[in-house]
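Working notes, beginning with the structure itself.
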There are 4 protein chains.
Amino acid sequence: MSLPQIESSPDRRTQILDAALVCFAKRGFHQASMHDISAEAGISVGLIYRYFENKDAVISAMADRHKKEISEVLERARQAPTLLESLEILFTAHCCEDAPQVVSAFVVDLYAEASRNSHVADLVRDVLQTAMDGVTDLIARSPEAASAADGLKPHELAELIFAVSRGMLMRDVLQPQTMTAAERRARQLEVTRRLWRLLFTGQTQPTYA
Amino acid sequence: MSLPQIESSPDRRTQILDAALVCFAKRGFHQASMHDISAEAGISVGLIYRYFENKDAVISAMADRHKKEISEVLERARQAPTLLESLEILFTAHCCEDAPQVVSAFVVDLYAEASRNSHVADLVRDVLQTAMDGVTDLIARSPEAASAADGLKPHELAELIFAVSRGMLMRDVLQPQTMTAAERRARQLEVTRRLWRLLFTGQTQPTYA
Amino acid sequence: MSLPQIESSPDRRTQILDAALVCFAKRGFHQASMHDISAEAGISVGLIYRYFENKDAVISAMADRHKKEISEVLERARQAPTLLESLEILFTAHCCEDAPQVVSAFVVDLYAEASRNSHVADLVRDVLQTAMDGVTDLIARSPEAASAADGLKPHELAELIFAVSRGMLMRDVLQPQTMTAAERRARQLEVTRRLWRLLFTGQTQPTYA
Amino acid sequence: MSLPQIESSPDRRTQILDAALVCFAKRGFHQASMHDISAEAGISVGLIYRYFENKDAVISAMADRHKKEISEVLERARQAPTLLESLEILFTAHCCEDAPQVVSAFVVDLYAEASRNSHVADLVRDVLQTAMDGVTDLIARSPEAASAADGLKPHELAELIFAVSRGMLMRDVLQPQTMTAAERRARQLEVTRRLWRLLFTGQTQPTYA
DNA sequence: AATGAATGAGGCTTCATTCAT
DNA sequence: CATGAATGAAGCCTCATTCAT
């Protein structure tokens, strides 16, 4: 596929979206001004309008990119040798990227926005559905699933997993900004393993012991 | 004649906060204008400033009220006869009140705000800590805890419970507004029971083993 | 003349004007709010409107009162045994009252207001004219006037005297608020005497000495 | 193509300050709205904020510009051949510029503002000090000073001169706006000469004594 | 392609004034 | 006589967006 130079240079768009992520995470979608974004990107305000129709388009594009990033994470998770490792990848994706709790704040804002902006809501729902389907599939195909706790079906397990994931991400936002990405990651991993043992280790700890 | 004079009539404050909740949920903290709130409350803009120093104070007061409401829910949960019922109360508190998904959107916004407004962050963290402590205690004292899955300690179980709760609330925000409070409640209950069985039924595997 | 109780109790009016002076001096006519005044007076906002039609009326009444106070100062000056003492009274009137540089700020504001509010302008002009006439008369009748410097006529001398007086008052406003009323007074007296020697001591210091 | 980009085009600033002067003189610092200023300048409100941080900054800049104008007047006064001419320049500077009594009203307002705004107070005090020093120096070096009345020292003479100057300016504000700049100038000149004769003609008494 | 000056609507907040009690 | 809750117009300021260069 040839990339027509019209309809935006991908590099510029990326540059702007990178800047937007920082600004959105730092101040929120609607508190971040177009000027903030342009300054963060090191370009002029007007230039943003050459690549995005308006601010809402930037937000939508961010949501879109988020969707792609989640897809990639999912792909990586899929290729992990064990289910546990897959889950670890999924649960820590948001805290080891470039910025520490930047992503968490962005995602919480994304959900908040979704509750009012149906376009964003559709996107987020779509992301979620895709990811859930992927994980459901992952579980269904993993050997551990056989001994899944309590006879829960794969899609029920996936739902619990994602709920915990979202819940931890939401909590992440409250952590003082002094917490490093590594510390956040460690915390997420701990919970992931706890959850994994709970869901897939079959009879957990033998009661009779 | 009652004397509401000194330090603000609680009724007015309540009226304003009720209106603010609707507006905040509908448009978000920063997209909701003071005019929106005054219109929703059926009063003039200026009057809000007799009861709140500024918009931030309204947001803080909302957070504060949220804290008290959570405390009350916790109290009710504490008085439930079984742990399962306690959890059901905790998990459905946000979707059966007066407004349907209003509360969910508000809470997600609250966390988003917390990531930037340290005052709000402190409040939310405080709410969370109190609630977690309460539930930890609840678990520690419940007979089911003895057979808790996987040897998880009460506070670890509480952490998982709250993560799921937050995660479900976050998801709630994506539901089309056509979903009724009852439907949301049903969904929450289902997940709650699933989680409960998982965590507290002792041997997750069939009892006959 | 009997004083009808309608058309305002003089005490309340005085109380309000006293408070207004403090507020006006502290914040300026238009920066001082009616609430400021009521708080300073220890009464409710509404009560001010029982005694004054509106804020402008308070300002006008302040100007009016200023006029009467100047008249009284003038009267005292008239009764002083010597011209120098008369001048000393006139020059220091504004810095020994209850508050220190409160009055100076008020008067400067009064002139500023006069430049836009023709009602106030008329009043201030009237005050000035009356005072000038009084001092002109004082000079004309004093023995020192005979040896007045340079053959200046009484009204020309009066004009100079008032110019210096206003000029010193204006400067007063720049003094850090740490300066006490006594220090201000001392400074004013020094200039007064300098001016007096200059204007009325006949051949000043003999040149030949 | 000139580069006015960085740190504000001086022309725009000047244009805004010119408009602000008119508005401030007409309505006072705090009564003049930003809209008034923008309308007077023929630009939009928002544009002012590209050149000034806020309204206070406009006021400060006006005070700053006043300072520079006074410096220029002082410089011109310094180059006058005789002391009398120097004084005439100083005394009439404010009433012959572009606008008639605009400047007087502005200066009175500036002093009023100085009594509450310490930043402005510092500026005005600085202007005054510089000007006083300049005139003191002017006097000290002029031959007339030798025969100065009454043995007054240069700085004492300067103080009197400035007091009279300020006093006349204050009075200027009361003049009906029908008075032309020329008439104001004439009046100022008359007083200036009177003062000069008084202060510097040596023996005020006829020379034959 | 890129800039940033310019616009103006809209948000937050204050405050003079009124009026029911 | 006195209060202070209530109103709403108006002021300051921000910011998404446009457009001449």
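Reminder, nothing fancy here: chain letters follow the sequence lines and each chain counts from 1.
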Which pairs count as salt bridge (Lys or Arg N to Asp or Glu O under 4.0 Å) when at least one residue sits in residues 53-63 of chain D, sequence neighbours excluded?
none
Protein-to-nucleotide contact annotation, 5' to 3' order, nucleotides 7-14 of chain E [B base; S sugar-phosphate only; - none; under 4.0 Å, heavy atom]
BB--SSBB
What stems show up for DNA chain E when you take Watson-Crick pairs (N1-N3 plus N6-O4 or O6-N4) and G-U wobbles (N1-O2, O6-N3), both under 3.5 Å, and require three or more consecutive pairs?
E:2-21 with F:2-21
Applying salt bridge (Lys or Arg N to Asp or Glu O under 4.0 Å) to Asp122(A) and not counting sequence neighbours gives Arg125(A)
Can you list the residues that meet the side chain to side chain contact (heavy atoms under 4.5 Å, CB included) rule with Ser44(C), with sequence neighbours excluded?
Leu47(C)
Evaluate Phe29(B) against Phe24(B) for ring-ring contact (aromatic ring centres under 6.0 Å, His included), listing each step before the verdict.
CA-CA 5 Å; Phe29(B) 288 164; Phe24(B) 286 167; 4.8 Å; yes
May I ask you to say whether Arg13(A) pairs ionically with Asp18(A), meaning some side-chain N is under 4.0 Å from a carboxylate O?
no
In whole angstroms, how far is the P atom of dG4(F) from the CD1 atom of Ile48(C)?
13 Å
Asn54(B) side chain near Met34(B) side chain, heavy-atom distance below 4.5 Å:
no
Interatomic distance where CG belongs to Asp11(D) and P belongs to dA6(E) [whole Å]:
11 Å
Roughly, in whole Å, what's the span from CD1 in Ile16(A) to P in dA2(E)?
9 Å
How many Å lie between CZ on Arg50(C) and P on dT21(E), as a whole number?
17 Å
In whole angstroms, how far is the P atom of dT18(F) from the CZ atom of Phe52(A)?
16 Å
Do Leu17(A) and Leu21(A) touch side chain to side chain, with heavy atoms closer than 4.5 Å?
no
dA6(F) OP1/OP2 closer than 4.0 Å to side-chain N/O of Tyr51(B)
yes
Only counting residues at least two apart or in another chain, list the ones meeting salt bridge (Lys or Arg N to Asp or Glu O under 4.0 Å) with Arg116(D).
Asp109(C)
